[in-house]
Amino acid sequence: MKNYKIALIKGDGIGPEIIDEAVKVLKAVSAKCGFALEFNEYLMGGCAVDACGVPLPDATIEGAKASDAVLFGAIGGYKWDNLPRELKPETGLLKIRKELGTYANLRPAAVYDELLEASPLKPEIAKGVDLLIVRELTGGIYFGEPRGRDENRGYNTMVYTKPEIERIAKVAFESARKRRGKVTSVDKANVLEVSQLWRETVTEVAKNYPDVTLEHLYVDNAAMQLVTNPKQFDVVVTGNIFGDILSDEASVLTGSIGLLASASLGDKYAIYEPIHGSAPDIAGQDIANPIATILSAAMMLRFSLNEEKAADMIEDAVKSALKDGIRTKDTARFGAIKVLGCKDMGTEIASRI
Ligand code: NAD
């Protein structure tokens, strides 16, 4: 029997609650599909600062590297907000992405028919939206040097190298091949030199994918198009900061942050996590929506473990629960027949596997 090692990083706030439910569903699906999962827990974020004095202990990096994949909840909270930069929980997350070389962040955003009303867009604009944002995650302005500040001046550097652009473009084109065959590359090439290199390089990579259509958009236009005509998008590829902003914008189209999964892929390692944060305002109340994390676990089965059938089973179980009006509190206004807590939602989805 195949046996996979999964590193669990529960993190802070609702992190432990939502990871527990994803594990429940993973156990159900592995039993049905005949493979075994070994789970090992590691610390990161505020809980790691409290326990070890750093947001990312070495043991976590080693444990992650020794695993087939990392399933991560969320980090952060009021308690750690005023720590110096090197101790902030978020620093742990940026560092693990860099350590594991997870340069490609994949964020699907699809509007479920059952939750059409939850979208802030008119139903005729939102219906059928199904896009994937591929965001470069380990380069760009969040990592560029020099950076710094004094009392009167702050500065950062947006830098991309050709190999960095090529590898993220490849991820986008490969993903488009498995979807509807279209890539929209987003940049600011009318103003930024770094974006001119981005545009030229993506255009070169496209020559190897004649079956995929490529278009380019400036980021300001892309931000408008995402809310006026989101159905035009299949795969959107962009750099770190533009992707950060556009992927959050895309996520609200779907109506609930609690439903959206993500994968951060590198050549050797991968991290799977919900797109939302640690939601300290609802932590410990058993009302968090575990679906984003459960769908992240499905992405993990698909991308890292090649257990496509098991991934489909999880996604189908989620869809069937939503179709039957099973909701958590965050989506209760939209067609709820039964509103469950976090734990019961996990149990419900696991029972539908
Ligand atoms: P957040 O995503 O944690 O919460 C935003 C709002 O959405 C809150 O009202 C929250 O209750 C709600 N929400 C989020 N996830 C939910 C879920 N699964 N079910 C139901 N409701 C949910 O963003 P925030 O409030 O800006 O940040 C809180 C903390 O999380 C901060 O410390 C921030 O730095 C951190 N954060 C961490 C990550 C991460 O770990 N990847 C990402 C974003 C923010």
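Just follow the structure's listing: the first ligand is 1, and inside any ligand the first atom is 1.
The pair Glu62-Lys65 fails the salt-bridge criterion, with no side-chain N (NZ, NE, NH1 or NH2) lying under 4.0 Å from an Asp/Glu carboxylate O. Salt bridge annotation for Asp187-Arg199: present, with a cationic side-chain nitrogen under 4.0 angstrom from a carboxylate oxygen. With salt bridges taken as basic N to acidic carboxylate O contacts below 4.0 Å, none links Glu114 and Lys319. Between Lys10 and Glu41 there is a salt bridge, since at least one side-chain N of the basic residue sits less than 4.0 Å from a carboxylate O of the acidic one. A salt bridge does not link Arg327 with Glu348: none of the charged nitrogens is closer than 4.0 Å to a carboxylate oxygen. Ionic pairing of Glu90 and Arg85 is not present here: no N-O contact between side-chain nitrogen and carboxylate oxygen is shorter than 4.0 angstrom. A salt bridge between Lys188 and Asp220 is present, with a side-chain N of the basic residue lying under 4.0 Å from a carboxylate O of the acidic one. Under a 4.0 Å N-O distance rule, the pair Lys182/Glu215 qualifies as a salt bridge.
With ring centers used as reference points, Tyr272 lies 6.0 Å or more from Phe72.
Closest to atom 1 (P) of ligand 1, if we only count protein heavy atoms, is Gly277 N, 3.5 Å. Ranking the protein heavy atoms by distance from atom 29 (C) of ligand 1 puts Ser278 OG, 3.3 Å first. Protein heavy atom nearest atom 3 (O) of ligand 1, with residue, atom name and distance: Ala279 N, 2.8 Å. Of all protein heavy atoms, the one lying nearest to atom 33 (C) of ligand 1 is Glu90 OE2, 3.7 Å. When hydrogens are left out, the protein atom nearest atom 32 (O) of ligand 1 is Gly77 N, 3.1 Å; that is the closest non-hydrogen contact. Counting only heavy atoms of the protein, atom 5 (C) of ligand 1 lies nearest to Ile257 CD1, 4.8 Å.
By the 4.0 Å heavy-atom criterion, Ala292 is excluded from the residues contacting ligand 1. At a 4.0 Å cut-off, at least one heavy atom of Phe72 sits close enough to ligand 1 to count as contact.
Remark: Arg177 is not positioned above the aromatic ring of Phe173, lacking an NZ or CZ atom under 6.0 angstrom from the ring centre and at most 45 degrees off the axis.
Ligand-side atoms of ligand 1 in range of Glu273: 41 (N), range being under 4.0 angstrom from any heavy atom. The contact set between ligand 1 and Ala74, taken as ligand atoms under 4.0 Å from a residue heavy atom, comprises 40 (O). The ligand atoms of ligand 1 that sit less than 4.0 angstrom from a heavy atom of Ala288 are 19 (N). Counting the atoms of ligand 1 from 1 in the order shown, those under 4.0 Å from a heavy atom of Gly76 are 32 (O).
Under a hydrophobic clustering in which Ile, Leu, Val, Met, Phe, Trp and Tyr are joined whenever their side-chain heavy atoms come within less than 4.5 Å, directly or via other members, Ile353 and Ile18 fall into different clusters.
The residue from Met44, His276, Glu17 that puts a heavy atom closest to atom 14 (C) of ligand 1 is His276. Nearest residue to atom 11 (O) of ligand 1 from Ile9, Asp12, Asp281, Ile275 is Asp281 (criterion: closest heavy atom).
Looking at Pro280 against ligand 1, only its side chain comes within 4.0 Å, counting heavy atoms. With a 4.0 Å heavy-atom cut-off, ligand 1 is reached by the side chain of Ile14 but not by its N, CA, C or O. By the criterion of a heavy-atom distance under 4.0 Å, neither the backbone nor the side chain of Lys329 is placed next to ligand 1. Neither the backbone nor the side chain of Ile18 comes within 4.0 Å of ligand 1, counting heavy atoms alone.
Residue Asn289 places at least one N or O, backbone or side chain, under 3.5 Å from an N or O of ligand 1. In terms of polar-atom proximity, Leu93 is not counted as a contact of ligand 1, lacking any N or O under 3.5 Å from an N or O of the ligand. Here's the thing with Ile75: one of its N/O atoms is less than 3.5 angstrom from an N/O atom of ligand 1.
Put simply, atom 27 (O) of ligand 1 has no protein non-hydrogen atoms near it, under 4.0 Å away. Within the 4.0 angstrom cut-off, atom 38 (C) of ligand 1 has one or more protein heavy-atom neighbours. Proximity of atom 18 (N) of ligand 1 to the protein is indicated by at least one non-hydrogen atom lying closer than 4.0 angstrom. Under the 4.0 Å distance rule, the nearest protein heavy atom to atom 21 (N) of ligand 1 falls inside the cut-off.
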Derivation and outcome, side-chain contact (heavy atoms from CB on, under 4.5 Å), residues Leu246 and Val186 | CA-CA 10 Å; Leu246 293 181; Val186 173; 3.8 Å; yes
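In this structure a side-chain-to-backbone donor-acceptor pair under 3.5 Å is present from Arg352 to Ser320.
Under 3.5 Å, the side chains of Tyr103 and Glu136 contain no donor-acceptor pair of N or O atoms. There is no side-chain donor-acceptor pair under 3.5 Å between Asp12 and Trp80.
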